[in-house]
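Source: prediction; values computed, not measured.
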Amino acid sequence: MASIKDVAAEAGVSVATVSRVLNDHPSVSADARTRVLAAVETLGYRPNAVARSLRTDQTHTLGLVISDVMNPYFTELARSVEEEARALGYSVIIGNADERPDLQDHHVRTLLDRRIDGLLVSPTDGGSPLMLEAARAGTPMVFVDRWIPGVDVPVVRADGQAAVRDLVAHLHGLGHRRLAIIAGPAATTTGRERVEAFREALAAYGLELPDAYIGQGDFQAESGRLVTEGFLDLAEPPEVVFAADNLMALGALDAVRARGLRVPDDLALAAFDDIRWFVHTDPPVTAIAQPTGELGRAAVRALVDRIEGRPGQSVTLPARLVVRRSCGEYPTPVQRSTT
């Protein structure tokens, strides 16, 4: 990989001149600028994204990399981030990782190249060397919703364990005993945590979570559909499917309807991540709601604290169970708060 010294040698100028060209400094002659840019093109040189992010001049711009812009949860999160950032005098550039680690790192690298003042990320997995490099280099950064263990930056997230316990208690009270889960990717903290919270909540009632009742999804609707089809094909299908995010829940609903079955008569359904659509489905879906707007606002405040030299604090907010009618409940909806 070409270095800045290689570019300087190719262009016949000093390293300082190359740096000034790359930083759009006005003191460089047109001839030197032309030669440097030609050398950059010839050698395929790319400035180090992390190093460039450490400039002292602020742009009052924040970067936000979300896992999936098609997921209503992340859409709402992005909206609250943008609103809070604007109120604090910052603009936001958004990158959609589409649940792909390579695309996530592409957006992170591009945003750092754009000289953003700070970075908000909902990681797609826990193995990004770029994220660790950026954190160690001092880039102001905050993880939101998900995080990467071992990367020492503030984390703003919801704690869904109490809400999952409330959900299992609710399902047990309705008489359900065979409960299955459509899990998110094991590479994500939320994917792992929701399965373990569900398993622990079941154990409190003497119920097991057999391997056959754990379906591996990817936080996308299609995976929810495929996993649910597998559950329905079992010799003893589950009575309830708990989807670990809203899109997988919609996929599960599609799978049930495609077989001419009904929720909750043939299979009950619950979801993590409540969305506005769930009140319009038939039946309305029982779900765990995260305080999405407050998470976005808290993440921006933590990031701005870091940018302005104050210690950004991690924030954990409670999720809550919203009871509707997809698990065989009474027609009148009830809400249970986990406070």
Seminar exercise, completed: OG1 of Thr228 to CG of Leu267, rounded to nearest 0.5 Å, is 7.0 Å
Exercise. Any side-chain heavy atom of Ile93 sitting closer than 4.5 Å to one from Leu111?
Worked result: yes
Exercise. Would you say the side-chain atoms of Asp117 pair up with the backbone N or O of Thr59, donor to acceptor, closer than 3.5 Å?
Worked result: yes
Exercise. Do any pairs count as a ring-ring contact (aromatic ring centres under 6.0 Å, His included) and have a residue in residues 253-281, sequence neighbours left out, and if so which ones?
Worked result: none
Problem set entry | Heavy-atom check, side chain of Phe143 versus side chain of Ser122, under 4.5 Å | no
For this session: Output yes when a side-chain donor or acceptor of Thr17 lies under 3.5 Å from a complementary backbone atom of Val13, and no otherwise.
Result: no
Exercise. If you look only at pairs with a residue in residues 279-296, which of them pass as a salt bridge (Lys or Arg N to Asp or Glu O under 4.0 Å), with sequence neighbours excluded?
Worked result: Glu294-Arg297, Glu294-Arg301
Problem set entry | Phe219 side chain reached by Ser67 side chain, heavy atoms, under 4.5 Å | no
Problem set entry | Note: Arg79-Glu76 ion pair, threshold 4.0 Å (strictly below) | no
Problem set entry | Side-chain (Thr42) to main-chain (Ala38) donor-acceptor, under 3.5 angstrom | yes
Problem set entry | Flag if over 12 foreign heavy atoms under 6.0 Å of CD, Glu208 | no
Exercise. So does Arg276 have more than 12 non-hydrogen atoms from other groups sitting under 6.0 Å from CZ?
Worked result: no
For this session: Apply the test salt bridge (charged side-chain N to carboxylate O under 4.0 Å, His left out) to residues Arg136 and Glu133: give CA-CA distance (whole Å), side-chain angles for both, the deciding distance (0.1 Å), then the verdict.
Result: CA-CA 5 Å; Arg136 287 175 174 170; Glu133 178 189 0; over 6 Å; no
For this session: Decide if atom CG of Asp152 counts as having more than 12 heavy atoms of other residues, nucleotides or ligands within a radius under 6.0 Å.
Result: no
Seminar exercise, completed: CZ (Arg257) and CG (Asp266) are apart, to the nearest 0.5 Å, by 12.5 Å
Problem set entry | Steps toward side chain to side chain contact (heavy atoms under 4.5 Å, CB included) verdict (Tyr73, Asp68) | CA-CA 9 Å; Tyr73 167 78; Asp68 183 5; over 6 Å; no
For this session: Check for a donor-acceptor pair, side chain of Gln216 on one end and backbone N or O of Gly184 on the other, with a separation under 3.5 Å.
Result: yes
For this session: Write down the atom of Ser80, the atom of Gly296, and the distance for their closest heavy-atom approach.
Result: OG-CA, 3.3 Å
For this session: Decide side chain to side chain contact (heavy atoms under 4.5 Å, CB included) for Arg157 and Asp145; before the verdict, give the C-alpha distance in whole Å, the side-chain angles of both, and the deciding distance to 0.1 Å.
Result: CA-CA 4 Å; Arg157 67 185 186 95; Asp145 184 64; 5.6 Å; no
Exercise. Donor-acceptor pair, Ser326 side chain versus Leu269 backbone, under 3.5 Å?
Worked result: yes
Exercise. Would you say Thr281 and Arg324 make side-chain contact, with heavy atoms under 4.5 Å?
Worked result: no
For this session: Using the side chain to side chain donor-acceptor pair (under 3.5 Å) rule, take Glu99 and Thr124 through it: C-alpha gap first, then chi angles, then the decisive distance, then the call.
Result: CA-CA 5 Å; Glu99 297 291 358; Thr124 59; 5.8 Å; no
Problem set entry | Check against side chain to side chain contact (heavy atoms under 4.5 Å, CB included), Val121 and Met131 | CA-CA 9 Å; Val121 185; Met131 220 82 72; 3.8 Å; yes
Exercise. Do any N or O atoms from the side chain of His170 and from the backbone of Cys327 form a donor-acceptor pair under 3.5 angstrom?
Worked result: no
Problem set entry | Asp254/Arg259 salt bridge by N-O under 4.0 Å criterion | no
Exercise. With a 4.0 Å cut-off, would you call Glu82 and Arg86 a salt bridge?
Worked result: yes
Problem set entry | Short N-O contact, Asp105 and Arg109, less than 4.0 angstrom | no
For this session: For residues Tyr213 and Leu179, determine if any side-chain heavy atom of one lies less than 4.5 Å from a side-chain heavy atom of the other.
Result: no
Exercise. Is there a side-chain contact between Val315 and Leu317 (heavy atoms, below 4.5 Å)?
Worked result: yes
Exercise. If only atom types and distance count, is the side chain of Asn96 paired as donor or acceptor with the main-chain N or O of Asp98 below 3.5 Å?
Worked result: yes
Exercise. Can you tell me how far OG1 of Thr188 sits from CZ of Arg146, rounded to the nearest 0.5 angstrom?
Worked result: 5.0 Å
Exercise. Tell me, which pairs form a salt bridge (Lys or Arg N to Asp or Glu O under 4.0 Å) where one or both residues lie in residues 235-250, sequence neighbours left out?
Worked result: Arg178-Glu239
For this session: To the nearest 0.5 angstrom, please state how far the CG atom of Asp166 sits from the CD1 atom of Ile288.
Result: 8.0 Å
For this session: Can you see which heavy atom on Val18 is nearest to which on Ala8, and at what distance?
Result: CG2-CA, 3.6 Å
Exercise. If only atom types and distance count, is the side chain of Thr139 paired as donor or acceptor with the main-chain N or O of Ala134 below 3.5 Å?
Worked result: yes
Exercise. Okay, side chain of Thr292, backbone of Gln290: is any donor-acceptor separation there less than 3.5 Å?
Worked result: yes
Exercise. Which heavy-atom pair separates Ala169 from Tyr205 by the least distance, and what is that distance?
Worked result: CB-OH, 3.1 Å
For this session: Only counting residues at least two apart or in another chain, list the ones meeting ring-ring contact (aromatic ring centres under 6.0 Å, His included) with His107.
Result: none
For this session: Answer yes or no: does atom CG of Asp102 have more than 12 heavy-atom neighbours from other residues, nucleotides or ligands under 6.0 Å?
Result: yes
Problem set entry | Gap separating the CG atom of Asp273 from the CG atom of Leu247, nearest 0.5 angstrom | 8.5 Å
Problem set entry | Counterpart residues, ring-ring contact (aromatic ring centres under 6.0 Å, His included), relative to Phe242 (two or more places apart) | Phe198
For this session: May I ask whether Val227 and Leu253 are part of the same hydrophobic cluster, defined by side-chain heavy atoms of I, L, V, M, F, W, Y residues being less than 4.5 angstrom apart, directly or through others?
Result: yes
Problem set entry | Check: Ser223/Asp218 side-chain N/O donor and acceptor closer than 3.5 Å | yes
Exercise. Rounded to the nearest 0.5 Å, how far does CD of Glu193 lie from CD of Glu200?
Worked result: 10.0 Å
Exercise. Ile66 and Leu303: same hydrophobic cluster, using ILVMFWY side-chain contacts below 4.5 Å?
Worked result: yes
Exercise. Looking only at heavy atoms, which two atoms of Ala287 and Asp274 are closest? And how far apart?
Worked result: CB-OD1, 3.6 Å
Problem set entry | Considering all heavy atoms, the nearest Ala252-Ile182 contact | CB-CD1, 4.0 Å
Exercise. Do Leu130 and Leu120 sit in the same hydrophobic cluster, where Ile, Leu, Val, Met, Phe, Trp and Tyr count as joined when their side-chain heavy atoms come under 4.5 Å apart?
Worked result: no
Exercise. Between Glu229 and Arg225, is a salt bridge (charged side-chain N to carboxylate O under 4.0 Å, His left out) present by the stated rule, with each step listed?
Worked result: CA-CA 6 Å; Glu229 287 179 349; Arg225 183 184 67 80; 2.7 Å; yes
Exercise. Closest approach of Ala302 and Gln313, non-hydrogen atoms and distance?
Worked result: CB-O, 3.8 Å
Exercise. Within the distance-only criterion (no hydrogens, no angle test), does the side chain of Gln220 pair as donor or acceptor with the backbone N or O of Gly217 below 3.5 angstrom?
Worked result: no
For this session: Using the ring-ring contact (aromatic ring centres under 6.0 Å, His included) rule, collect all pairs that involve residues 86-106, keeping only residues at least two apart or in two chains.
Result: His60-Tyr90
Exercise. Do Leu250 and Val322 sit in the same hydrophobic cluster, where Ile, Leu, Val, Met, Phe, Trp and Tyr count as joined when their side-chain heavy atoms come under 4.5 Å apart?
Worked result: no
Problem set entry | Heavy-atom side-chain contact between Val323 and Leu167 under 4.5 Å | no
